Amino acid sequence: MQEVLQRYADLQDIIAILGIDELSDEDKLVVARARKIERFLSQPFFTAAQFTGTAGEFVKLEDTIRGFTEILDGKHDELPEQAFYMVGPIEAAVERGKELGGEEPEAAAEREADEQADAAEAETAGAPA
């Protein structure tokens with residue numbers, strides 16, 4: 001998991017400068033899976049319930065590890081990354097993904113690249129000349 005997240009961090013500069021289209025298919029998949037991992041790390045905690053408005057959930061360590069393993073293995077590549085945000089076990093993400101409708105990994109990665117490019121452009125535009 002750390003390798004995927006590190007590779008994603010390495011690719012962010014390339015994405016911001018050249019765009020997602022310049023990445024290989026393998027790198028696009030790494031980006032999509034890393035973004036899902038980041039979302040899945042946001043499991044609902046009881047202590048954060050008052051801030052997030054989402055009730056906390058107990059999730060066994062084994063279930064959490066299984067969820068990350070399934071994401072890394074590509075079992076949920078068809079699900080949109082939003083399905084992984086603030087859910088407990090991976091089954092909840094799968095259920096939410098069905099409700100949201102699937103999004104291809106390339107589409108998710110391309111959307112992320114557009115968001116990063118917009119953010120970089122806004123940052124550059126705000127810098128004094």
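Just so it is clear, the model here is predicted, and its values are computed rather than measured.
Residue Phe68 places its CZ atom among more than 12 non-hydrogen atoms of other residues, nucleotides or ligands, all under 6.0 Å distant. Within a 6.0 Å sphere centred on CZ of Phe58, other residues, nucleotides and ligands contribute 12 heavy atoms or fewer.
Gly67 and Ile90 get closest at one heavy-atom pair: CA-CB, 3.7 Å. What you find for Glu70 and His76 is that their closest heavy atoms are OE1-NE2, 2.7 Å. Across Ala49 and Gly56, no two heavy atoms sit closer than the pair CB-N, 4.3 Å. Between Pro44 and Ala55, the closest heavy-atom pair is CB-O, 3.5 Å. Summarising the geometry of Val87 relative to Ala93, their closest heavy-atom pair is CG2-CB, 3.8 Å, with the distance given to 0.1 Å. Here the shortest heavy-atom pairing between Leu100 and Ala83 reads CD1-N, 3.8 Å.
Transitive grouping of hydrophobic side chains (ILVMFWY, heavy atoms separated by less than 4.5 Å) brings Ile17 and Val31 into a common cluster. In the hydrophobic cluster analysis, where Ile, Leu, Val, Met, Phe, Trp and Tyr join through side-chain heavy atoms closer than 4.5 angstrom, Ile37 is grouped apart from Val59. Val30 and Met1 fall within a single hydrophobic cluster, where Ile, Leu, Val, Met, Phe, Trp and Tyr side chains are chained together by heavy-atom contacts under 4.5 Å. Hydrophobic clustering (ILVMFWY, side-chain heavy atoms < 4.5 Å, transitive): Leu72 and Ile65 are in distinct clusters.
Taking the side chain as every heavy atom from C-beta outward, Leu41 and Phe84 never approach each other to under 4.5 Å. Contact annotation: the side chain of Gln6 never approaches that of Gln2 to less than 4.5 Å [non-hydrogen atoms, C-beta and beyond]. Looking only at side-chain heavy atoms (C-beta outward), Phe40 and Tyr85 stay at 4.5 Å or farther from each other. The closest side-chain heavy-atom distance from Asp63 to Arg66 is below 4.5 Å.
No side-chain donor-acceptor contact under 3.5 Å links Ser42 to the backbone of Glu38.
When each of Asp21, Asp25, Ile20 is tested with Leu23 by the rule side-chain contact (heavy atoms from CB on, under 4.5 Å), just one qualifies, namely Ile20. Remark: of the listed residues Arg35, Lys36, Arg33, Arg35 is the sole one forming a salt bridge (Lys or Arg N to Asp or Glu O under 4.0 Å) with Glu81.
When the salt bridge (Lys or Arg N to Asp or Glu O under 4.0 Å) test is applied to Glu57, no partner is found at least two apart in sequence or on another chain.
Atom CD of Gln82 sits about 9.5 Å away from atom CZ of Arg96, to the nearest 0.5 Å. The distance from atom CD1 of Ile15 to atom CG of Asp10, rounded to the nearest 0.5 Å, is 10.5 Å. We find the CD-CG distance between Glu95 and Leu79 to be 10.5 Å, quoted to the nearest 0.5 Å.
A salt bridge does not link Arg7 with Glu3: none of the charged nitrogens is closer than 4.0 Å to a carboxylate oxygen.
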